[in-house]
Amino acid sequence: MKLLRVGPVGQERPVVMDASGTLRDIGEPEIDGAFLASGGVARVRDALEHGDLPVVNAAGLRVGAPIARPGKVVCIGLNYRDHAAESGAEPPAEPVVFMKAANTVIGPYDEVLVPRGSVKTDWEVELAVVIGRRARYLDSRDEALDVIAGYAISNDVSEREFQLERGGQWDKGKSCETFNPLGPWLVTADEVGDPQSLGLRLWVNGEPRQDGGTKDMIFDVAEIVRYLSRFMVLEPGDVINTGTPAGVAMGMPGQPYLRAGDVMELEIDGLGRQRQTVGQA
């Protein structure tokens, strides 16, 4: 299933996309951690199969992030060998973990703002994992995959000077407002299948910048979730950004960082497509 939220900021309406691409009201107050923890996905699937969900007229409606503000956004850095190489770093022996402020999450077509004083705002197409059940001290890969509700596209927008040149702690370059477009859909894990067989692509102003595949992750999705559960409790609705392939501005000749007026487009196989215009904070 493809779950999404449509409507103005703060007034999003939870819907599901049926096989024909029609949006239907799911009859739930929100797509959030409580919805996932209480079996909301199964309820919606059952109602959809029985034809019990009314059609929603989607014409002109904004698409919001597919999950309401998560409890936390956990990120994995340098998780593709080619991206580690372009960053001048050795492939990590264990996952590099940092946090991103939850209020960075915006809709997939919302404006991304270059922070005041920024000259190194960068893009990163990533596979986002959405947790569906509380997870702590998971022992196996199968247990890890079993707590995943679904997947979405994430743009882990980053300010490289803030991240790397301002006294340490990556969070400073990752948590600026609008720095995590998410969606358009939360695609349930059963529909995605193998999360290690997805292509990721990103364009800036129509020029291809990133073209990779999740098969090239250093630490795959199952290992990331298992590993994180040893260090923090993962809650329903939490989002995990799993890393980006090569092709970011930081690793390119001339380092063509984002400026107001630029347009980013992102896609991941089976998860839809994003498009953001860049503005100035």
Side-chain angles (χ1 to χ4, degrees), residues 9-10 62 64-65 69-70 72-80 82-89 96-128 152-183 200-212 239-267 273-281:
V9 176
R62 168 186 171 270
R69 182 169 168 170
K72 56 183 174 288
V73 179
V74 189
C75 304
I76 307 299
L78 303 173
N79 197 32
Y80 288 73
D82 57 359
H83 176 56
E86 73 175 351
S87 302
V96 175
V97 179
F98 61 94
M99 308 293 284
K100 194 162 191 168
N103 64 357
T104 60
V105 174
I106 60 172
Y109 313 114
D110 291 346
E111 185 181 44
V112 167
L113 298 177
V114 172
R116 296 178 186 179
S118 166
V119 293
K120 296 183 178 180
T121 296
D122 207 344
W123 57 81
E124 294 190 10
V125 59
E126 305 202 9
L127 175 67
I153 304 172
S154 185
N155 188 355
D156 179 20
V157 185
S158 308
E159 212 297 338
R160 303 303 186 186
E161 180 187 2
F162 298 176
Q163 177 187 357
L164 302 171
E165 303 172 34
R166 298 291 297 273
Q169 297 299 322
W170 285 15
D171 303 42
K172 284 190 288 188
K174 297 285 188 171
S175 290
C176 302
E177 61 180 335
T178 75
F179 264 28
N180 205 132
L182 188 69
L200 308 86
R201 292 164 291 276
L202 181 144
W203 298 260
V204 178
N205 300 327
E207 294 292 327
R209 297 304 192 196
Q210 293 184 276
D211 187 356
V239 172
I240 302 170
N241 290 337
T242 57
T244 198
V248 300
M250 180 176 63
M252 296 179 63
Q255 297 185 325
Y257 290 112
L258 294 167
R259 298 291 184 265
D262 287 342
V263 175
M264 295 178 284
E265 296 173 275
L266 303 76
E267 67 180 19
R273 191 176 178 96
Q274 296 187 353
R275 184 182 189 276
Q276 298 103 35
T277 298
V278 178
Q280 181 66 54

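We count residues from 1, following the sequence as given.
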Nearest 0.5 Å please: distance from the CG atom of D122 over to the CG atom of D156. 9.5 Å
A side-chain contact here means heavy atoms from C-beta on lying under 4.5 Å apart; do V239 and S154 qualify? no
Do the non-hydrogen side-chain atoms of I76 and V97 ever get within less than 4.5 Å of each other? yes
Looking only at heavy atoms, what is the nearest atom pair of G261 and N205, with distance? O-OD1, 4.3 Å
Grab the two heavy atoms, one from L113 and one from F179, that are nearest each other, plus how far apart they are. O-CE1, 3.5 Å
Assess the residue pair L164 and M250 against the criterion (side chain to side chain contact (heavy atoms under 4.5 Å, CB included)); give the C-alpha distance rounded to whole Å, side-chain angles, the decisive distance to 0.1 Å, and a yes or no. CA-CA 11 Å; L164 302 171; M250 180 176 63; 3.8 Å; yes
Nearest-0.5 Å distance, OH of residue Y109 to CZ of residue R62: 11.5 Å
Residues forming a side-chain contact (heavy atoms from CB on, under 4.5 Å) with P108, sequence neighbours excluded: V63, P184, Q274
Tell me yes or no: between the side chains of S158 and Q163, is some donor less than 3.5 Å from an acceptor? no
Mind listing the closest non-hydrogen atom pair of A152 and L182 along with its distance? CB-CD1, 4.1 Å
Is there side-chain contact between N103 and R69, with at least one heavy-atom pair below 4.5 Å? yes
Taking only residues at least two apart or on different chains, which pairs with a member in residues 244-260 satisfy side-chain hydrogen bond (donor to acceptor under 3.5 Å, both in side chains)? Q210-T244
Trace of the side chain to side chain contact (heavy atoms under 4.5 Å, CB included) decision for K174 with E124: CA-CA 11 Å; K174 297 285 188 171; E124 294 190 10; 3.4 Å; yes
Rounded at 0.5 Å granularity, tell me how far CD in E159 sits from CZ in R166. 8.5 Å
With rounding to the nearest 0.5 Å, note down the distance linking CG in L266 to CG in L202. 4.0 Å
Once you round to the nearest 0.5 Å, how far does CD of E267 lie from CZ of R275? 14.0 Å
Ignoring hydrogens and geometry, is there a side-chain-to-backbone donor-acceptor pair from W123 to G247 under 3.5 Å? yes
Which pair of heavy atoms, one from T178 and one from P181, lies closest together, and at what distance? O-CD, 3.6 Å
From E86 atom CD to L78 atom CG, the distance as rounded to the nearest 0.5 Å: 10.0 Å
What's the shortest heavy-atom distance between R273 and I153, and which atoms? N-CD1, 3.8 Å
In terms of heavy-atom contacts, does CD of Q169 have more than 12 from other residues, nucleotides or ligands at under 6.0 Å? no
Return yes if some donor-acceptor pair links the side-chain N/O of T121 with the main-chain N/O of L258 below 3.5 Å, else return no. no
Checking side-chain contact (heavy atoms from CB on, under 4.5 Å) between V112 and each of V263, D262, N180, I106, which is the one that passes? I106
Residues N241 and A128: closest non-hydrogen pair is OD1-CB, 3.8 Å
Can you check side chain to side chain contact (heavy atoms under 4.5 Å, CB included) on R209 and M264, steps first, answer last? CA-CA 10 Å; R209 297 304 192 196; M264 295 178 284; over 6 Å; no
